[in-house]
Trainee: 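I have a structure I would like to understand better, so I am pasting it below and will then ask my questions one at a time.
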Amino acid sequence: MGRLLPSNLAKIAGLVFGLVIMIAFMLSSMKYGITPIRWSDVFHSFTNYDNSSNEQIIVQTSRVPRALVAAAIGASLAVAGCLIQGLTRNPLADPNVLGINFGASFAVVFTVTVLSVTSLPILTGVSFIGAAVASLAVYLLGSFGRDGLTPLKIILAGAALSALFASFTQGMLVLDAQGLDEVMFWLTGSVAGRSVDMLKAVLPFMAVGWIGSVWATRHMNVLTMGEDTAQGLGQRTIVIKLIVGLIIVALAGSSVAVAGPVGFIGLIIPTIARLFAGSDYRWIVPYSALLGAILVLAADIAARFVIQPSELPVGVMTAVIGIPAFIAIARKGVVKG
Amino acid sequence: MRDYTYIRSEKLSISFFLHKKTVVLTLALAIASVAALLLSMAMGDMRIAPMDVIRALTGGGTEEYQLVVRTLRLPRIIAAFLVGASLAVAGSILQGIIRNPLASPDIIGITSGASVTAVAFINYFAGTVSILWMPVAAMIGAAITAILIYSLAWKKGVTPIRLVLVGIGINFLLASLTKVMLVMNPETTAAQAYVWLAGTVYGTDWAVVKTIVPWVFIFIPLAFLLARNVNALQLGDDIASGVGSAVQRQRFVLLMVSVALAGAAVSVGGAISFVGLIAPHMTRKLVGPAFGGVLPIAAFIGGLIVVIADTIARTAFLPYDIPVGVFTAGVGAPFFIYLLYRNRNAA
């Protein structure tokens, strides 16, 4: 049971409250930035768009996509993190355990340095493929043997393959210093400068992932009781684990494809969500989605103001905002090993 | 119990219980390490026959060979071996006391702490202060971070899970800081910092070896003496206190041993990843979890990985000298994947 919100009613109220905060942050994300914009321009750009107004153009072409991307990847990464922590029964796991970021980084760096392609839409596709291939390899390697996929085996397989991909990536970057300069912008991860089209390209995968994760919550509750118990209760654990694996790839893969490797959200948000939602995945998943979206939106807004006129990478800001909360929770001892 | 043999002294009250396979494996790895060291000294831009290497080491051979072997290659190779061994032992201790397979020296902030100060040093002091101070800066960063994490995780004692969670948080924060410095600074320093972050033993001379030797030869034997404490802690806090361990004190001492080893290694070799995480796993797959047996084997495996990786790194892409960190995973991961596959039916 969640410590903060013991009853179901309180949890529903919490979700509604979270939704309100998220929408408030999305609107603020459209208003605040280097260029000051009035609320009236924000609203008019939706109701009667005036393409002679600089402010309204900025809102529609730059700030709206940015807010949408931030919310979408925040929610997706957080939910993916929930599922992987359940699958591995390890509170230290994040989607990276499956090698997603390293696979994507490898694919992107290879495309930029060896094939000399730097177009952002192409890199989106490339990084998604890289993430998918890497996580598939980790999954296969973790599934060899009589017991199939065990938490320990998938963690070890992921660590080994991630390190392999990371070392290839580093090798390419060290040999090609100019390439380093060109892909640095991608490697730091950002939600700025992404068009709505890029989000649209991965939206089908994200949508499948979101719907799938809602479906998976009941099964996750059973699976986290342990392999034997789950099988005893009649769950076909192999099928469930495979489907959950695919959901994680869809969510985290499409996030990294749009925004680059933004770490850490999938790791801390589920921990924070458990503080509110307890141990029932039917509550943890929606709470994670909301909190993930809120954290990335807030971080993205703050990142615009810290070192004006330039911006901090959003991954840095998520760490600065999220870590203190995370450490406070860790000290409270809500998380159980 | 045919797998075991024992040594017992009638006069002194000493007895050892030895796992035969572990002893054999340790000896085999020791021989393999010597062979790898010799081979590594033979390879490079100038190829030297192994017999000439031995002659040069013992003071014979031409002066040119003596210079290359004794002044250029030997210190670098010894440093590589010691760095690998220290990281592997530090990782073994941590995985034992934290009881989590994802634990590695990175998790208690050694690598991220050292990286922040090293990158800051490259960015802000490289022109004004001698580069020889960089290892010192890295060591200070590692120590401060480890202490910070331990004290933040302290609340009437430190539990492994709290330590790890706080460690992960601080790690991400420091990694972000490092990233900011890389993004905001001119590309020349960024490239130099990147090499450090990958991990390198390029240009190591005897002075550098001398700075790491005391740490290794004090703290690895100390870890060996404390091995039985790790065996107890591996069983969990409750059982460990039940069999009479002073859990908190022992955990703190072991943690500091691990920090000292990993800190020394990182200050010499940069942020070499992977060895501290994977070498302990390899060792346990070979000999099981009893810690006294794990320690020497992990040390040899770690040393071997880094020496082989560095040999490839400085010879495969001549005239480029690639940072060794790029290849540690390249050398270690395939072998680890093989072990994972071989042990696929083990629990």
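Order of the sequence lines sets the chain letters (A, B, ...), proteins ahead of strands, with each chain counted from 1.
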Trainee: Could you walk me through whether A:Val320 and B:Leu173 satisfy the side chain to side chain contact (heavy atoms under 4.5 Å, CB included) test, starting with their C-alpha distance in whole Å, then the side-chain angles of each, then the deciding distance to 0.1 Å, before giving a yes or no?
Mentor: CA-CA 6 Å; A:Val320 171; B:Leu173 205 58; 4.2 Å; yes
Trainee: Please classify the contact of A:Ala157 with chain B as side chain, backbone, both or neither, using a heavy-atom distance under 4.5 Å.
Mentor: both
Trainee: Under a 4.5 Å heavy-atom cut-off, does chain B meet the side chain of A:Leu164, its backbone, both or neither?
Mentor: both
Trainee: Before giving the answer on side chain to side chain contact (heavy atoms under 4.5 Å, CB included), spell out for B:Ile278 and B:Ile305 the whole-Å C-alpha distance, their side-chain angles and the decisive distance to 0.1 Å.
Mentor: CA-CA 10 Å; B:Ile278 290 296; B:Ile305 291 178; 5.5 Å; no
Trainee: Considering all heavy atoms of both residues, which atom of A:Gln85 and which atom of A:Gly266 are nearest to each other, and what is their separation?
Mentor: NE2-O, 3.8 Å
Trainee: So does A:Phe305 have more than 12 non-hydrogen atoms from other groups sitting under 6.0 Å from CZ?
Mentor: yes
Trainee: Given that the side chain runs from C-beta out, which part of B:Phe274 has a heavy atom under 4.5 Å from chain A: side chain, backbone, both or neither?
Mentor: side chain
Trainee: For chain B, which candidate among A:Gly142, A:Gly158, A:Pro324, A:Ala160 shows the most heavy-atom pairs at distances under 4.5 Å?
Mentor: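 Ranked by contacts with chain B, first place is A:Ala160.
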Trainee: In terms of heavy-atom pairs under 4.5 Å with chain B, which of A:Leu161, A:Ile268, A:Thr169, A:Leu267 leads?
Mentor: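 Most pairs with chain B among the choices: A:Leu267.
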Trainee: A:Ala259: which residues meet the side chain to side chain contact (heavy atoms under 4.5 Å, CB included) condition with it, sequence neighbours left out?
Mentor: A:Ile73, A:Val191, A:Val262
